[in-house]
Every structure is written in structure tokens, then in C-alpha cells.
A.B. asks: 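Before anything else, here's the structure in question.
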Amino acid sequence: MRTGRITATIVLLAGLVTGSHAALADAVGDPLGDRLQTLLDDPSPPPSGDLAPRIEAFYAVRDFRPAWRRPEAVTAFTAALDTLADDGLRPADYAADRLVAAHHQAYAGEGPVDERARFDIAVTRLLLTALRHLDRGKVDPASLEADWDVPLPPFSPDVAALSDDVDALDFETAFARARPDYAPYRRLRTALAHYRRIRDTGGWPSLPPLDTALHPGDRAPAVAVLRRRLAVTGAPVGDSAAPALYDDALAGAVRHFQRHHYLEVDGVVGAATRTALNVSVDARIDQIRVNLERARWLLHGLPRSFVLVDIAGYRLTYYRPDHKPWHTRIVVGTPYRRTPTLRSEITHLTLNPTWTVPASITWRELLPRIRRDPGYLAREHLQVLTPEGRALDPAAIDWSDPPAVVLRQKAGADNALGRVVFRFPNPYAVYLHDTPARALFNRPRRAFSHGCIRVEHPLELARLLLDDPQRWDATAISETVATGVTLSVDLPEPVPVIVHYWTVNIAGDGTLAFKPDIYGRDRAVLAALERPAAAAGSALLRP
């Protein structure tokens with residue numbers, strides 16, 4: 001006899017004293033509880049997936065009392081499942097439309113206890129599946145992104161607290177405990193509800209094809225459509241008595257829209273701006289849902305201080321120990337040389353770095369330039385080395401059929417890594433670094449690199465990460481850079497860095513920024529979200 005059965009006997013006696021039929025039914029000797037224990041001790045067939053030990057732990061902490069005998073428990077759980085739509089999930093994945101009928105079937109008349117036990121376990125599996133999807137995401141990111149390198153911690157629910165929630169019919173608390181408890185996630189949920197309200201009240205109008213771009217001061221029927229389109233999302237379009245006049249208030253709303261859709265901020269409605277304006281509300285809802293899923297992948301146990309690289313937003317944020325975030329613009333990899341998703345720690349930085357050119361760049365890009373222009377190597381301060389590091393004379397090499405060589409660029413103002421590089425271990429050989437190509441930071445869309453991340457204000461980031469005003473203030477860093485000497489400096493403590501891909505941002509004031517899906521990843525995530533979660537169901541719950 002398990003220790004818990006002794007506890008159950010005490011519960012039985014208390015139930016007899018108080019006249020509690022529920023305690024009598026759930027106590028020792030209950031055939032349904034006994035059958036639950038038998039099925040979980042020796043399941044046939046054995047349950048699949050990583051939820052099996054969580055299910056067993058859930059019933060063990062309950063001393064194998066059934067969780068779903070009461071009709072009101074199933075009804076309350078069904079209602080709670082419907083709220084998962086607010087998280088961008090599909091309630092149908094958790095049999096929300098079939099649970100009540102399945103309960104009626106299992107408890108019709110004096111049906112076999114085995115059917116009721118299997119029903120109980122199946123619903124518990126659905127509950128734990130829903131919690132895991134809220135906590136870690138429905139989709140396995142590694143199945144979608146070949147370069148995914150952000151390990152997800154295991155799903156470890158508090159089964160004792162969950163058991164109490166089930167008994168109290170408090171599924172709202174259970175779901176809230178599973179959701180990422182971070183402001184970005186809450187803002188995305190709020191935005192999803194807002195855009196669904198827009199859809200349910202008719203959405204927004206589409207701008208007709210334009211013969212010429214719309215400029216401030218223009219009068220045209222399309223301007224009235226533009227005004228209505230922006231007003232739907234709450235933009236301050238003014239109260240013009242002439243709705244077809246492209247006035248200053250409307251121009252300000254257009255510039256705001258352009259800024260938050262990574263377009264040229266010029267107030268001119270040309271082809272690119274019209275295309276962004278005409279993206280449907282349903283498409284924007286799907287985009288928010290995709291990024292809620294990404295938030296569930298990432299927002300777990302974030303450290304107090306870390307660097308977040310937002311690939312699609314071309315932005316780096318350092319969440320500092322003093323809780324004052326610092327931002328800077330970045331350049332990321334092209335769609336053909338994507339910046340990978342990863343989580344690591346910045347361990348050190350190098351001032352006045354040299355750059356050892358990756359072999360792929362040497363042979364694909366630089367070798368044709370060297371063949372066309374013999375002075376290219378000298379002009380770019382590139383040394384030619386053997387793979388072992390021995391210097392070679394470029395003039396003595398037949399560049400039409402060169403041997404295996406390594407190109408290394410000397411430190412200096414023209415070095416591709418600029419004045420500082422930030423190192424963190426990863427299997428992709430990517431890093432954060434400075435760049436001499438400063439003009440690229442002024443572009444609204446900045447996917448130009450070979451995969452590494454170029455930082456607009458790298459020396460300020462170096463000062464913040466070193467966090468040593470006595471030894472490494474701004475002046476000391478600048479003076480060291482001015483020497484031209486390569487110097488590696490360890491950080492006092494490694495600083496976590498997360499490189500991630502988001503296509504929606506929401507500011508603290510609720511302003512949404514919809515970013516171009518530069519790597520074309522949203523569609524695959526959405527398709528995976530839409531696929532039924534087959535593992536969550538049970539044969540007992542099929543329609």
C-alpha cells in the first residue's frame with residue numbers, strides 16, 4: 001500500500017464525519033482511483049512523449065484521485081481552453097469542442113471504470129499539453145530553423161499547485177503561471193485582441209492603384225481612403241474638413257506609419273508604402289500570433305542583464321544591471337547569409353582587431369577581385385599567409401590557380417571589423433563588431449552583412465560592457481584605439497547575449513512596429529501553428 005493511501009483513509013474518515021460524499025468517493029477503495037493507479041503503474045501501451053512522467057507526478061500528488069469526475073470541472077476547463085485563442089493558439093488542438101460530450105459518454109449510466117480512467121488521463125494530458133504550449137511554445141523551433149541554437153529548458157510544471165488549481169476550477173491561474181511573465185508577451189496579447197476587434201468591425205480599406213505617388217498638399221480621392229485606413233488603427237489623422245486633401249496632420253500619420261514599418265520616412269505614399277498599408281488585418285493578426293509563439297520560445301529565465309540582438313528589427317538592446325536599457329542600430333546578414341538565432345555569453349572584446357577572412361569569402365568574393373586588380377591586396381591591407389600562418393609574397397603567387405592561402409586584414413581604420421569586436425562562443429563563428437561602412441546605418445532596412453552583426457556605436461557598447469569607469473572610461477578606450485595596437489580585454493563577468501528573430505515589436509506605449517520578414521520565416525511558423533497538435537488528443541476524444 002502506498003503511503004498516500006493512508007492519507008486517503010484519513011480523508012475518508014473525515015468525510016464520514018462531515019457527511020462529504022465527494023471525500024467518500026475519492027478515498028481509499030475508490031475503483032476509479034485504483035484503476036488510474038494501475039494504468040499509470042503499468043500503462044499498456046506505454047504513454048508516448050515527455051508528458052508521461054508529468055502525468056504520473058500529477059496523479060501521485062493527488063494520491064490518484066480522479067481530476068475530471070465532476071462535470072463542472074470539464075465545463076470550466078473547456079471555457080478556459082477557449083481563452084487560449086488570446087495567446088494565438090488553437091483551442092481545437094486541446095479538444096475544447098469535444099470534452100463535454102466525451103465526459104457525458106464516459107459517465108453515461110454505469111459504464112466501465114476503465115473508460116472513465118482513460119478519459120481522466122486523456123484530459124490531464126490535454127491540460128499539460130496546453131500548459132507546455134503556453135510555457136515553451138507549440139512548435140519546436142529547431143524543426144523550422146536549421147541554425148536554431150537557443151536551448152529550451154525542460155517543461156517542469158508545479159504539479160502540486162496544478163492539482164489545487166484543478167480542484168478549485170481555477171484554470172485561469174494555471175494558465176497564467178505557464179505564460180511568459182514578461183511585458184513583451186503581455187503587449188503582444190493585447191495587440192492581438194486589438195487587431196481582432198479591428199477585423200471583427202470590418203477591418204480597413206485598401207488604397208486603390210496610384211498613377212503617381214501621393215505627396216503632402218495633394219488632393220485626390222485616394223487621400224480620403226488613406227485617411228480612413230490610418231484612422232482605423234488609431235493614427236491621429238486630424239479632423240480635416242476636406243478629407244481628400246493630404247494635409248500636415250495626415251502627412252505626420254503617414255511618416256509615423258513608415259517609421260514603424262521600416263520604410264523611408266518621407267511622408268510620400270509610393271509603391272512600398274502603399275503595399276505596407278494594404279497588408280490585410282488578417283495577415284497582421286497572423287504576424288502577431290507568430291511572434292507570440294517566438295516569445296514563448298525565448299522568454300524564459302532571462303538574466304537580469306543581457307544583450308538582445310533583434311535581427312529583423314536591426315536593433316541591439318543592452319538591458320543593463322541598472323535597468324536602463326541602451327539601444328543602437330545594427331546591420332545583420334543578408335537573406336543569403338543569414339544571422340543565426342543563438343544564445344551565448346560575451347566573454348571578451350578585442351580593440352584594433354585584425355580580420356582573418358573566412359575561406360568562403362576568400363574564394364567566392366575576394367579571389368575574383370584579386371585576379372582583376374593586382375593592387376587590391378595592398379589597397380585593402382590584406383596579408384597572404386599559409387594555413388599555418390607563414391607570410392607569403394603575393395607577387396609570387398599564380399592567382400589564376402593559387403595554393404591554399406589565408407587572407408588576413410591588418411588592424412586599422414579600414415579593417416572590416418572596425419575598431420572593436422565582441423566575442424562570444426558559438427558554432428557559427430559570428431560576433432558583434434564595428435564597421436567602416438557607416439552609411440549603412442542610415443538605411444531603414446539593414447541586411448547587408450555576411451552573418452555577423454555590425455554595431456553603430458560599438459565603443460559606447462564596449463564602455464558599458466567593461467563597466468570599469470576607473471580603467472575603461474570613454475577616454476581610455478579612445479586612447480587605446482588610437483595606438484593601433486591589437487588588445488584583447490576580458491569582461492569582468494560574461495554578459496549573456498541573445499540573437500533572435502522578431503517581426504513585430506511593441507513599445508511600452510503600445511505602438512506596434514511590423515517588420516519585413518527578411519528571412520521569410522513567418523510562413524513556416526504560422527503553418528506549424530495551424531497544424532493540429534496530434535499528440536495532444538486521445539482516441540476517446542475524437543469526434
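Just the heavy atoms: all of them, side chains too, but no hydrogens, waters or symmetry mates, feed the values below.
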A.B. asks: In terms of the angle between their ring planes, are F77 and W68 parallel, tilted or perpendicular, with boundaries placed at 30° and 60°?
C.D. replies: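 Tilted: the ring planes of F77 and W68 meet at 30° to 60°.
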A.B. asks: Verify whether one side chain among T503 and D522 offers a donor that lies under 3.5 Å from an acceptor in the other.
C.D. replies: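 On atom types as modelled, these side chains qualify, holding a pair under 3.5 Å.
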A.B. asks: Among Q258, E264, H261, exactly one meets side-chain hydrogen bond (donor to acceptor under 3.5 Å, both in side chains) together with T273. Which residue is that?
C.D. replies: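 Exactly one pass, corresponding to Q258.
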A.B. asks: Which atom pair, heavy atoms only, marks the closest approach of P496 to S305?
C.D. replies: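 Distance-wise, the nearest heavy atoms are CD-O, 3.5 Å.
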A.B. asks: Taking atom CG of D82 as the centre, does the number of heavy atoms from other residues, nucleotides or ligands within less than 6.0 Å exceed 12?
C.D. replies: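 Counting neighbours around CG of D82, more than 12 heavy atoms of other residues, nucleotides or ligands fall under 6.0 Å, so yes.
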A.B. asks: Validate the cation-pi geometry between R445 and Y262: distance from NZ or CZ to the six-membered ring centre under 6.0 Å, angle to the ring axis within 45°.
C.D. replies: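 Negative - R445 is either too far from the ring of Y262 or too far off its axis.
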A.B. asks: Any non-hydrogen side-chain atom of T328 less than 4.5 Å from a side-chain atom of F441?
C.D. replies: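 Contact flag for T328/F441 side chains = no.
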A.B. asks: Begin with the C-alpha distance, continue with both residues' side-chain angles, and end with the deciding distance and a verdict on ring-ring contact (aromatic ring centres under 6.0 Å, His included) for Y431 and F422.
C.D. replies: CA-CA 6 Å; Y431 34 80; F422 304 84; over 10 Å; no
A.B. asks: Parallel, tilted or perpendicular: which fits the ring planes of H500 and W148, with parallel below 30° and perpendicular above 60°?
C.D. replies: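 Rings of H500 and W148: perpendicular, as their planes differ by over 60°.
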A.B. asks: What do you reckon, is CD of E172 surrounded by more than 12 foreign heavy atoms closer than 6.0 Å?
C.D. replies: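 For E172, atom CD is not crowded (no more than 12 foreign heavy atoms under 6.0 Å).
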A.B. asks: As a test of understanding, state which of D170, D165, D164 forms a salt bridge (Lys or Arg N to Asp or Glu O under 4.0 Å) with R177.
C.D. replies: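 Going through the options one by one, the only one that passes is D165.
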A.B. asks: Distance from L316 atom CG to R454 atom CZ, nearest 0.5 Å?
C.D. replies: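 Answer for the CG-CZ pair, L316 versus R454, is 15.0 Å.
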A.B. asks: Distance-only, no hydrogens or angles: does the R289 side chain make a donor-acceptor pair with backbone N or O of G88 under 3.5 Å?
C.D. replies: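 Answer holds: yes.
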A.B. asks: Do D149 and N426 get their side chains close enough for a donor-acceptor pair, meaning under 3.5 Å?
C.D. replies: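 No, no side-chain donor-acceptor contact under 3.5 Å.
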A.B. asks: Verify the neighbour count for atom CG of D181: are there more than 12 heavy atoms of other residues, nucleotides or ligands below 6.0 Å?
C.D. replies: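 Open.
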A.B. asks: CD of E493: more than 12 outside heavy atoms within 6.0 angstrom?
C.D. replies: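 Open: at most 12 neighbouring heavy atoms sit under 6.0 Å from CD of E493.
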A.B. asks: Is the side chain of R438 donor-acceptor paired with the backbone N or O of E456 at a distance under 3.5 Å, no angle test?
C.D. replies: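 Present.
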A.B. asks: Could you walk me through whether Y319 and Y182 satisfy the ring-ring contact (aromatic ring centres under 6.0 Å, His included) test, starting with their C-alpha distance in whole Å, then the side-chain angles of each, then the deciding distance to 0.1 Å, before giving a yes or no?
C.D. replies: CA-CA 14 Å; Y319 292 93; Y182 291 93; 9.9 Å; no
A.B. asks: Using the ring of Y185 (Phe, Tyr or Trp, six-membered ring only), decide whether R179 places NZ or CZ under 6.0 Å from its centre and within 45 degrees of its axis.
C.D. replies: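 Because its charged atom misses either the 6.0 Å distance or the 45° angle limit, R179 does not stack over Y185.
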A.B. asks: Looking at R219, I'd like to know if its CZ atom is crowded, meaning that more than 12 non-hydrogen atoms belonging to other residues, nucleotides or ligands lie closer than 6.0 Å.
C.D. replies: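 Not more than 12 within 6.0 Å, no.
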